[in-house]
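Each ligand, and each atom within it, is numbered from 1 in the order the structure gives. Numbers here are sequence positions counted from 1.
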Amino acid sequence: MTTRRKKIYEGKAKILYEGPEPGTLIQYFKDDATAFNAQKKAVLEGKGVINNRISEFVMTKLAAIGVHNHFIRRLNHREQLIKEVEIIPLEVICRNIAAGSLSKRLGLEEGTPLPRSIIEFCYKNDELGDPLVAEEHITAFNWATTQDIDDIMASTLRINDFLTGMFGAVGITLVDFKIEFGRVWEGDFSRIILADEISPDSCRLWDSTTNEKLDKDRFRRDLGDVIESYTEVARRLGIMKDMPTVIQGGLH
Ligand code: UDP
């Protein structure tokens, strides 16, 4: 796109531009990958295109089961039109199997199934490294109310059930994922909807048969074949046909 647009925000993996109508934004998916609070960086050619398409697919499916979210429509290979929201400064993590920071914190071997799905909240603040917080902090600092937290938890569990089934059906185990929510105003009333993205950047996805990692841990842990793994997720979801030919043919 060559038209000049106002940049609203630039994050590590995405850029938000002003949308065509009030209350809308354009979400642009970059190829940049970062880990460990941006201490590790790389450009993974094609990642933005794949994540744009996977997130579109997931958000559309979730909307169909009544999980309201910010996605309106995909505009092109790297951009989607979304609803503008006030982002709630929380990373909502839902876990089914121990991995990553939970394994470290509680000394649980990676791959240990959890007794039940666990939801955690982290305060979205890069300078602080997104610290884990409790409901007490969330309500005391007015990031969200108790009612908001109840809604977010109910929605997160619903998303987890749906995604577990969706990925399970194509031989992928949903180990954990991170989502974000935003507030939309309708007059004096606000509603909380799912925002951001759902992609292999924000989920742990393991092959159900081999436990091979098909997600961002391939980048974090230098396992190689990052794009190939993201492509495999898209292929299993049946959405490779919507990718540009350069990605369909394999980038390497
Ligand atoms: N996650 C994310 N962004 C973050 C932190 C975590 O998308 O800034 C995702 C991560 O990909 C995983 C889940 O949230 O699917 C749980 O991550 P964890 O707390 O184990 O952190 P990590 O091991 O990535 O530091």
Note to self: Any donor-acceptor pair under 3.5 Å linking the side-chain atoms of Q147 with those of D151?
What the structure shows: yes
Notebook entry, point to check: Has E136 got more than 12 heavy atoms of other residues, nucleotides or ligands less than 6.0 Å from its CD?
Noted result: no
Next item on the list: Name the closest protein heavy atom to atom 25 (O) of ligand 1, giving the residue it belongs to and the distance to 0.1 Å.
Entry: S101 CB, 4.5 Å
Check: Considering only protein heavy atoms, which is closest to atom 8 (O) of ligand 1, and at what distance to one decimal place?
Finding: E91 OE1, 3.1 Å
Checklist line | Candidate pair R74 and T60, rule side-chain hydrogen bond (donor to acceptor under 3.5 Å, both in side chains), full reasoning | finding: CA-CA 10 Å; R74 183 162 60 92; T60 305; over 6 Å; no
Note to self: Heavy-atom pairs closer than 4.0 Å: do any link ligand 1 to the side chain of C203, the backbone, both, or neither?
What the structure shows: backbone
Check: Under 4.0 Å from any heavy atom of I93, which atoms of ligand 1 are there?
Finding: 16 (C), 19 (O)
Margin query: Could you identify the single nearest non-hydrogen protein atom to atom 11 (O) of ligand 1 and state the distance to 0.1 Å?
Written below: R220 NH2, 2.8 Å
Note to self: Suppose we measure from atom 3 (N) of ligand 1 to each protein heavy atom; which comes out shortest, and what is that distance?
What the structure shows: K178 CE, 3.5 Å
Item checked: Under 4.0 Å to a heavy atom of G100 - the qualifying atoms of ligand 1, by number -> 20 (O), 23 (O)
Next item on the list: I would like to know whether K47 and E197 meet salt bridge (Lys or Arg N to Asp or Glu O under 4.0 Å); could you show each step before the answer?
Entry: CA-CA 13 Å; K47 178 176 80 83; E197 72 175 295; over 6 Å; no
Next item on the list: Specify side chain, backbone, both or neither for D176, according to which of its non-hydrogen atoms lie closer than 4.0 Å to ligand 1.
Entry: both
Notebook entry, point to check: How does E120 reach ligand 1, if at all, at less than 4.0 Å between non-hydrogen atoms: by side chain, backbone, both, or neither?
Noted result: neither
Check: Would a 4.5 Å heavy-atom cut-off, applied to side chains only, mark N51 and Y230 as touching?
Finding: yes
Notebook entry, point to check: What heavy-atom pair brings M59 and N69 nearest, and what distance separates the two atoms?
Noted result: O-ND2, 2.9 Å
Notebook entry, point to check: Nearest 0.5 Å, what's the CD1-CD1 distance between I149 and I119?
Noted result: 11.0 Å
Note to self: Which of the numbered atoms in ligand 1 are under 4.0 angstrom from any heavy atom belonging to D201?
What the structure shows: 7 (O), 11 (O)
Next item on the list: Determine if the distance from atom 5 (C) of ligand 1 to the closest protein heavy atom is below 4.0 Å.
Entry: yes
Check: Does a side chain donor of either T164 or D161 reach within less than 3.5 Å of an acceptor in the other side chain?
Finding: no
Note to self: Minimum heavy-atom separation for L223 and D217, please, with both atom names.
What the structure shows: CD1-O, 4.0 Å
Note to self: Looking only at protein heavy atoms, which one is nearest to atom 22 (P) of ligand 1, and what is the separation?
What the structure shows: R204 NH2, 3.6 Å
Check: Counting each atom of ligand 1 from 1 as listed, which ones have a heavy atom of R95 under 4.0 Å away?
Finding: 16 (C), 18 (P), 19 (O), 20 (O)
Next item on the list: Under 4.0 Å from a heavy atom of D130: give me the atoms of ligand 1 that qualify, with their elements.
Entry: 8 (O)
